[in-house]
Peer 1: 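The structure's right below; bear with me while I get my questions together.
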Number of protein chains: 2
Amino acid sequence: MRRPTLAVVAQAAGVSLKTASRVLNGEPNVASATRERVQDAAASLGFRRNAVAADLARGGLSRLVGFITGDLANEFYSALASGIERELREHGLQLLTASSDEDPDREASLTGELIERRVGALIVTPAGADQSALRSEIAAGLPVVVVDRPAAGMDVDTVVIDNRGGTRAAVAHLLAHGHRRIGFVGDEPHLWTYQERSAEFLAAMAEAGVPDAQRLVRSGAHDAAAARGLALELLGAPEPPTAILAANNRATVGTLQALRDIPGGADVAVVGFDDFELADLLGITVVAYDAVEMGRRAAELAVARSADPDRTVEQVVLPTRVVTRGSGERPPR
Amino acid sequence: MRRPTLAVVAQAAGVSLKTASRVLNGEPNVASATRERVQDAAASLGFRRNAVAADLARGGLSRLVGFITGDLANEFYSALASGIERELREHGLQLLTASSDEDPDREASLTGELIERRVGALIVTPAGADQSALRSEIAAGLPVVVVDRPAAGMDVDTVVIDNRGGTRAAVAHLLAHGHRRIGFVGDEPHLWTYQERSAEFLAAMAEAGVPDAQRLVRSGAHDAAAARGLALELLGAPEPPTAILAANNRATVGTLQALRDIPGGADVAVVGFDDFELADLLGITVVAYDAVEMGRRAAELAVARSADPDRTVEQVVLPTRVVTRGSGERPPR
DNA sequence: TCGGCACGCGACAGCGCTGTCAGCCGACGA
DNA sequence: TCGTCGGCTGACAGCGCTGTCGCGTGCCGA
């Protein structure tokens, strides 16, 4: 069945197309009798306005905001998405999501597709180092916000967390509990968050006078299984770490699996970066922050820039905090 | 900056608008020299086709598929979403998500918005009992698929899991390990999944000859905190259960929190409905199924129905299986 | 009484694209 | 030589809606 168009509604109500349009858009200067006739006609015909055509006629941009995420199934990204969606809803906007699987090529092609769909703004967690595709879109006037990681060498609205501060706090926490040999299980080296966290880890260790902390750093923990392997590697070495800083939620899970599987694993202290739902139940001390809020802020920036393309670029840094739950307070042995 | 239109590209390439359109759509019957000129012009102007206008010109539906979910931040829904997205991508379609927060009113208004956006199909996890809004859309020819719960009294493509079979298996598992007093911590009573699972729980208990199992059933565990309260209630009663069947992932978490907090809690057997990432680490026996696959199948059905509106309605039931990890094998004491 | 003004309404021209149809040209078989 | 056919191209109408502009009516104050 074909959907009735505005023209049909107008005819049924005996008014011009334009008047019907006015009524359906709640514009003023329509007699209330007319208004009612049109509304009745629309209701009885089951009319639905065509937002696509309306956006086109209004001259371009849709009321859609695109969000390109690394992996929707990851707790962190879905928290982001829900924060974004909630904020957009306040402004009558809708979320169009797409997963890049952390693949820069896919990210670029998705960017293209969303732009062709004429999204009003774009929120991205940049996977690749090269954001040149984005750059030209920004130049073309598209409001873009990057979340979780900055876009290399680009002057763009950004929302990140205080990775260095969080890392430093985590290391300080473990040092305060007497640890010196602290292992670091990190994500893919090309990710900015990994770089920040590992660099600060090394800096903090150096300041604490721990020699050769580099040998305690492992990278590549993109999923729990990989993280488990890395943790096992660290723990199997001579002079194994007495504590581990797991640099993201996947790494934490993998590290815990490794500790479960080796003798004495329960004695190793653990601090995880990223809070997760069951950390409480598992008694895991973590560096926490508010991912939903992060999404909300990003959406807020996107909306603000749409409204005023010339506003100054904002760089939001969200705080982190150490949440102690037991695993990070175990003494070295 | 304004984006160049096809007309501008055509002019720059010295061809008609239509020829430029042909080139950009990869249609045949264009001389390769012409094709090249157009492509060069498009590239140098930074042209992006306007998918909105294209969809409109083609007569209506967009290449967007809407997904109305209960709560994006819930692991289960994001698994669904990622399955849907993956499948849609294969068909060159995009996902438009929206959260209803399990609120029937919001669900209805979101449905409306997505339809106005002229989505090509709609995938819904119905929150309310009343799906009449959907009904009229289906009548209007919109392909609709419901996931996780059937739409009451509607003949529509559906993907659900074998709730009854899973529940029965869980109960059988606990009975086999010697339990008789098995508690049931369930979701909101108005949810279909709750009704299925609790009904089958009672049936299985009755068949096993357990008297008055109704007293062991609690509902309202929409989040972990509520679930915790319900579990505490069950465990505080005279003749408390020696095992608990937690009817969804939130309920499982809450139950585990409750067990952690009471003396002897570690002796109570637990089986959870819904697998979750850390169930392995926590050693929780669960009734598992493939949520990503569920999403994939739903998307598949949506695509199939778009292609052929007259195909017979399909009701997919996905299997569940009990994954034993320790918590469900503890004997009663 | 009359100018002015606010209100209610409709005609019309697009928004950026695609489908249809018709025209032109060179090539090829008869 | 002519008819025909296939490859290539463009003119034009229209998808469903909104912005602009202009017209007629009734009411106000002067």
Side-chain angles (χ1 to χ4, degrees), chain A residues 1-39 41-42 45-64 113 115-120 140-141, chain B residues 1-39 41-42 45-64 113 115-120 140-141:
Chain A
M1 168 191 138
R2 247 179 105 26
R3 265 173 212 295
T5 69
L6 235 199
V8 174
V9 174
Q11 194 169 25
V15 298
S16 81
L17 204 166
K18 179 61 199 180
T19 296
S21 163
R22 275 192 268 258
V23 172
L24 275 319
N25 285 302
E27 287 173 29
N29 297 342
V30 179
S32 57
T34 311
R35 187 175 295 276
E36 214 159 294
R37 276 217 315 287
V38 173
Q39 280 164 342
L45 290 170
F47 171 77
R48 292 290 198 172
R49 67 197 293 277
N50 185 331
V52 174
D55 283 342
L56 180 62
R58 283 209 196 85
L61 294 191
S62 69
R63 300 194 62 74
L64 254 31
E113 285 175 35
I115 288 168
E116 295 187 350
R117 186 100 2 238
R118 290 302 188 266
V119 291
Chain B
M1 168 192 138
R2 247 180 107 23
R3 266 171 211 295
T5 69
L6 235 199
V8 175
V9 173
Q11 192 169 25
V15 298
S16 80
L17 204 163
K18 178 63 201 181
T19 297
S21 163
R22 276 191 268 256
V23 172
L24 276 316
N25 285 302
E27 287 173 27
N29 295 342
V30 179
S32 57
T34 311
R35 187 175 295 275
E36 215 160 293
R37 277 216 315 287
V38 173
Q39 279 164 343
L45 289 170
F47 171 76
R48 292 289 199 172
R49 69 197 295 276
N50 185 330
V52 174
D55 283 342
L56 181 61
R58 284 210 196 84
L61 294 193
S62 70
R63 302 195 59 75
L64 254 32
E113 284 175 35
I115 287 168
E116 294 187 351
R117 189 86 22 231
R118 290 302 188 264
V119 291

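Just the heavy atoms: all of them, side chains too, but no hydrogens, waters or symmetry mates, feed the values below. Chain A is the first sequence line, chain B the second, and so forth, proteins listed ahead of strands; every chain is numbered from 1. Quantities reported herein were computed from a predicted structural model and do not represent experimental measurements.
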Peer 1: Using a cut-off of 4.0 Å between protein heavy atoms and nucleotide atoms, how would you tag nucleotides 11-20 of chain C 5' to 3' with B, S and -?
Peer 2: B--BBBBBBB
Peer 1: May I ask you to test the Val15(A)-Arg37(A) pair for a side-chain heavy-atom distance under 4.5 Å?
Peer 2: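 The answer is yes; the side chains approach within 4.5 Å.
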Peer 1: Between Ala53(A) and Leu56(B), what is the shortest heavy-atom contact and its length?
Peer 2: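 Smallest interatomic distance, heavy atoms only, reads CB-CD1, 3.9 Å.
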Peer 1: Using residues 23-34 of chain B as the side-chain source, report each donor-acceptor pair under 3.5 Å to any protein atom, sequence neighbours left out, with the distance given to one decimal.
Peer 2:
| unit_1 | atom_1 | unit_2 | atom_2 | d |
| --- | --- | --- | --- | --- |
| Asn25(B) | OD1 | Arg49(B) | NH2 | 3.3 |
| Asn25(B) | ND2 | Ser21(B) | O | 2.9 |
| Asn25(B) | ND2 | Ser21(B) | OG | 3.4 |

Peer 1: Minimum heavy-atom separation for Ala13(B) to Ala41(B), with atom names?
Peer 2: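 Looking at all heavy atoms of both residues, the closest pair is CB-CB, 4.0 Å.
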Peer 1: Scan residues 10-21 of chain A for pairs that pass salt bridge (charged side-chain N to carboxylate O under 4.0 Å, His left out), counting only residues two or more places apart or in two chains.
Peer 2: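 Listed once each, the pairs would be none.
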Peer 1: Look at all strands and tell whether Val15(B) reaches a base, only sugar-phosphate, or nothing, counting heavy atoms closer than 4.0 Å.
Peer 2: sugar-phosphate
Peer 1: For Ser62(B) and Val119(B), work out which heavy atoms get closest and say how close.
Peer 2: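 Closest pair (atom of Ser62(B), atom of Val119(B), distance): OG-CA, 3.8 Å.
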Peer 1: Compare side-chain N and O positions of Thr19(A) against OP1 and OP2 of dG10(C) and report whether any pair is under 4.0 Å apart.
Peer 2: yes
Peer 1: Would you tabulate the nitrogen or oxygen pairs shorter than 3.5 Å linking the protein to nucleotides 6-8 of chain C?
Peer 2:
| unit_1 | atom_1 | unit_2 | atom_2 | d |
| --- | --- | --- | --- | --- |
| dG8(C) | OP2 | Asn29(A) | OD1 | 3.3 |

Peer 1: Within the 4.5 Å heavy-atom criterion, are Asn50(A) and Arg3(A) side-chain neighbours or not?
Peer 2: no
Peer 1: Would one find more than 12 heavy atoms of other residues, nucleotides or ligands at under 6.0 Å from atom CD of Gln11(B)?
Peer 2: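 Check fails, neighbour count at 12 or below.
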Peer 1: Between the opening five pairs and the closing five pairs of the helix from dT1(C)-dA30(D) to dA30(C)-dT1(D), how far apart are the helix axes, to 10°?
Peer 2: 40°
Peer 1: Is there a side-chain contact between Arg48(B) and Arg118(A), using heavy atoms and a 4.5 Å cut-off?
Peer 2: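 Yes, side chains in contact.
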Peer 1: Locate the shortest heavy-atom distance separating Arg63(A) from Asp55(A); write the atom from each residue and the value.
Peer 2: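 Closest approach of Arg63(A) to Asp55(A): N-OD2, 3.7 Å.
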Peer 1: Just to verify, which of Val8(A), Val38(A), Leu6(A) counts as forming a side chain to side chain contact (heavy atoms under 4.5 Å, CB included) with Phe47(A)?
Peer 2: Leu6(A)
Peer 1: List, with names and distances, any nitrogen or oxygen atoms from the protein found under 3.5 Å away from nitrogen or oxygen atoms belonging to nucleotides 22-28 of chain D.
Peer 2:
none

